[in-house]
Amino acid sequence: MERPKVYVTRRLFPEVVQRLAQECRVKAWESDLPVPRPTLLQEARDCDGLLTLITERVDAELLEACPRLRVVSNMAVGYDNIDIPEATRRGILVGHTPRVLTKTTADFAWALLMAAARLVVRGDRDVRAGRWRTWEPMGWLGQDVHGATLGIVGLGQIGLEMAKRATGFDMRVLYYDVIRRSTEEEARYRLEFVPTLEALLPRCDFVSIHTPLTPQTYHLIGAPQLRLMKPTAILVNTSRGKVVDQKALYEALRDGFIWAAALDVTEEEPISPDDPLLTLPNCIITPHIASASFATRRAMANLAVDNLLAGLKGEPMPACVNPEAVQYRRPGG
Ligand code: DGY
């Protein structure tokens, strides 16, 4: 039987792609920049599987253009770039990469929180620009992290790791989520559930966002929410840019409604170099790198390959978003 054909949409770790190539005919977009849409449409046409990234829009147009497609394996925990109902309807299984990036992402959210609170980026810029003249008792003053109140919006796996790290800083941890944790978990991790976002925000010194992007979480943090926050508060976002209304955030930072923000994700990625947010000294922006450690990115690529291979063989995928899609598969598909 002919080996399945797969398309990999970016340059990845060679040994991981090699594993895929042992069982499949592999073609890859060997670049560090996203594959152009017309190329993707053309290359994916006769593929049985795709290994995609968050930069690829997997929508009805793409799925329609690939009549043989059986599995889309996204190398990310988030899958808001994929039209899941459309894939399911067509019997196409979708894989993602949860768990392997949880701690690395929480570590990075903490790095952003600390950097924003204690002016790490601004301090470094000032040193390089020759603005470090002396030890200034009134210079580079930040916000204390220890003993402060951290609010977590969306307490999934990453949110929980965020909370665990807060205990070492003697912080009080509040959380808001549509699903409440068990009383046992709340006690074990010293979490306080707050039933509404509006009740959570005014109580926090730091707010860290960990929700997926869905129609319900689009612009979850907008002008009204930002105005509920303390003027000394810091917003950290490592989830998806569109969860925060970026224009409203710019105005809130400019007008002092909140003290600072640290974003690993923006509404458009990459953010335009002309974006007004980049003019603000109290906003840190990193290029969507929260999961970017050597070990974690390798683990994500491996899990994406495991998902793809299992799905193509008709075996249970280690992490499948829509296992119910199998019932919609075409006969022989
Ligand atoms: C994800 O996995 O969804 C991230 O945003 C990329 O690490």
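Both counts, for ligands and for their atoms, begin at 1 and track the order of listing. Since the structure is predicted, the reported quantities are computational estimates derived from the model, not experimental observations.
- Using a distance-only test at 3.5 Å, with no hydrogens or angles considered, a donor-acceptor pair links the side chain of Asp59 to the main chain of Leu62.
- Ring geometry for Tyr79 versus His96: interplanar angle over 60°, hence perpendicular rather than tilted (30 to 60°).
- Side chain of Gln157 to backbone of Thr102: no donor-acceptor contact under 3.5 angstrom is found.
- Looking at atom 2 (O) of ligand 1, its nearest protein heavy atom turns out to be Val77 N, 2.7 Å.
- The shortest N or O to N or O distance between Met75 and ligand 1 is not under 3.5 Å.
- Taking every heavy atom of His288 and a limit of under 4.0 angstrom, the matching atoms of ligand 1 come to 4 (C), 5 (O), 6 (C).
- Counting heavy atoms under 4.0 Å from ligand 1, residue Leu101 touches it through the side chain alone.
- Close contacts of ligand 1 with Arg240, meaning ligand atoms under 4.0 Å from a residue heavy atom, involve 1 (C), 3 (O), 4 (C), 5 (O).
- Close to ligand 1: Met300, with a non-hydrogen atom less than 4.0 angstrom away.
- In this structure a side-chain-to-backbone donor-acceptor pair under 3.5 Å is missing from Thr134 to Glu136.
- Between the Arg181 side chain and the Leu155 main chain, a donor and an acceptor come within less than 3.5 Å of each other.
- Within a 6.0 Å radius of CH2 in Trp132, no more than 12 heavy atoms belonging to other residues, nucleotides or ligands are found.
- Residue-level proximity to ligand 1 for Ser291 is carried by the side chain, the only part with a heavy atom below 4.0 angstrom.
- Every atom of ligand 1 is numbered from 1 in the order shown, and the set under 4.0 Å from a heavy atom of Ala76 is 1 (C), 2 (O), 3 (O).
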